[in-house]
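Report on one structure; see the data block that follows.
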Amino acid sequence: MKIYTVIDGTAWCWGSTAQEIARRLPQHTFLFTTRPTVRGAQQCDLVWMRGYPYLFPLVRETGVPFIWGFTTGGDKASSQFARCSPFFRQSAGIIVQNLEGLQIMEMAGMDRVWLIPNGVDGGLHVPHARP
């Protein structure tokens, strides 16, 4: 499967998370872009992106199934929810990164929601004791 993966840039946590997931799923081809286009997405089987409201009309135009991430929590969660809610039912699924996001989606009646929390790889990032 070819997955059109829209990221902010390689230095942001979303980009590194997407790259790590791609590394762990070698059976799929991940095409990363910071400048999504309709034509680029139409070359793939699935679009995977964060829930930026400006991207939804572009993705809808492609006709390609999409999964998106609702990664906002705290004070901004309700406003982000309001901006993205018109597109919930059109998506193939939603990935949330915290329990608050999961609860928001469940209360909205979404049944294709997966919780993939942010985290630190303990094998890569081992704290050192101070002398």
Side-chain angles (χ1 to χ4, degrees):
M1 173 181 287
K2 281 183 169 178
I3 303 171
Y4 196 65
T5 309
V6 182
I7 60 173
D8 311 86
T10 57
W12 288 86
C13 63
W14 165 241
S16 60
T17 297
Q19 290 172 349
E20 179 62 20
I21 289 173
R23 187 180 68 77
R24 292 175 185 242
L25 297 172
Q27 69 273 30
H28 301 292
T29 302
F30 287 78
L31 302 173
F32 290 92
T33 184
T34 57
R35 295 188 177 154
T37 64
V38 169
R39 185 177 175 141
Q42 289 174 332
Q43 305 294 317
C44 296
D45 304 302
L46 178 72
V47 174
W48 178 31
M49 62 181 195
R50 285 189 55 181
Y52 295 124
Y54 76 90
L55 286 174
F56 288 116
L58 177 90
V59 172
R60 183 174 26 196
E61 186 180 336
T62 69
V64 177
F66 67 96
I67 293 177
W68 62 282
F70 184 78
T71 58
T72 305
D75 295 342
K76 296 183 179 184
S78 60
S79 62
Q80 185 71 350
F81 174 84
R83 287 192 301 264
C84 297
S85 63
F87 303 97
F88 289 169
R89 303 271 178 236
Q90 297 169 13
S91 69
I94 302 168
I95 297 171
V96 297
Q97 291 182 317
N98 54 56
L99 291 175
E100 180 183 9
L102 182 62
Q103 290 171 344
I104 289 170
M105 293 302 149
E106 287 175 344
M107 288 184 348
M110 292 304 300
D111 59 352
R112 296 175 316 275
V113 180
W114 300 276
L115 173 63
I116 303 176
N118 281 333
V120 175
D121 183 338
L124 293 175
H125 305 283
V126 180
H128 296 285
R130 293 182 177 222

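Heavy atoms only: backbone and side chains are in, while hydrogens, waters and symmetry mates are out.
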With a 3.5 Å cut-off and sequence neighbours excluded, list the donor-acceptor pairs that the side chains of residues 74-84 form with protein atoms.
from	atom 1	to	atom 2	distance (Å)
Ser79	OG	Lys76	O	3.1
Gln80	OE1	Arg83	NE	3.4
Gln80	OE1	Arg83	NH2	2.5
Gln80	NE2	Gly51	O	2.7

(request) Starting from the C-alpha separation in whole Å, work towards a yes-or-no answer on side-chain contact (heavy atoms from CB on, under 4.5 Å) for Val64 and Tyr4. (result) CA-CA 10 Å; Val64 177; Tyr4 196 65; over 6 Å; no

Nearest 0.5 Å please: distance from the [atom1] atom of [X] over to the [atom2] atom of [Y].
| X | Y | atom1 | atom2 | answer |
| --- | --- | --- | --- | --- |
| Leu115 | Gln97 | CG | CD | 9.0 Å |
| Gln42 | Arg39 | CD | CZ | 9.0 Å |
| Asn98 | Ile104 | CG | CD1 | 7.5 Å |
| Met110 | Leu102 | CE | CG | 12.0 Å |
| Ile67 | Ile95 | CD1 | CD1 | 6.0 Å |

(message) Using the rule given for side-chain contact (heavy atoms from CB on, under 4.5 Å), can you reason through Leu58 versus Val38, listing the C-alpha separation, both sets of side-chain angles and the distance that settles it, and then say yes or no?
(response) CA-CA 6 Å; Leu58 177 90; Val38 169; 3.5 Å; yes

(request) Only counting residues at least two apart or in another chain, list the ones meeting side chain to side chain contact (heavy atoms under 4.5 Å, CB included) with Ala18. (result) Thr5, Ile7, Phe32, Trp48

Closest non-hydrogen atom pair, [X] against [Y]:
| X | Y | value |
| --- | --- | --- |
| Gly93 | Trp114 | CA-CZ3, 3.4 Å |
| Phe70 | Met105 | CG-CE, 3.5 Å |
| Val59 | Thr62 | O-OG1, 2.6 Å |
| Pro36 | Leu55 | CG-CD2, 3.6 Å |
| Met1 | His28 | CB-ND1, 3.3 Å |
| Leu31 | Cys44 | CD1-SG, 3.4 Å |

(request) For Gln19 and Phe30, run side-chain contact (heavy atoms from CB on, under 4.5 Å): C-alpha distance rounded to whole Å, both residues' side-chain angles, the deciding distance at 0.1 Å, then the answer. (result) CA-CA 9 Å; Gln19 290 172 349; Phe30 287 78; over 6 Å; no

(message) Whether the side chain of Arg60 engages the backbone of Phe87 through a donor-acceptor N/O pair (distance < 3.5 Å, no angle test) should be reported.
(response) no

(request) Show your reasoning for whether side-chain contact (heavy atoms from CB on, under 4.5 Å) applies to Phe56 and Met49. (result) CA-CA 10 Å; Phe56 288 116; Met49 62 181 195; 3.4 Å; yes

(request) Check whether Met107 and Leu99 end up in the same hydrophobic cluster, where Ile, Leu, Val, Met, Phe, Trp and Tyr are linked by side-chain heavy atoms less than 4.5 Å apart. (result) no

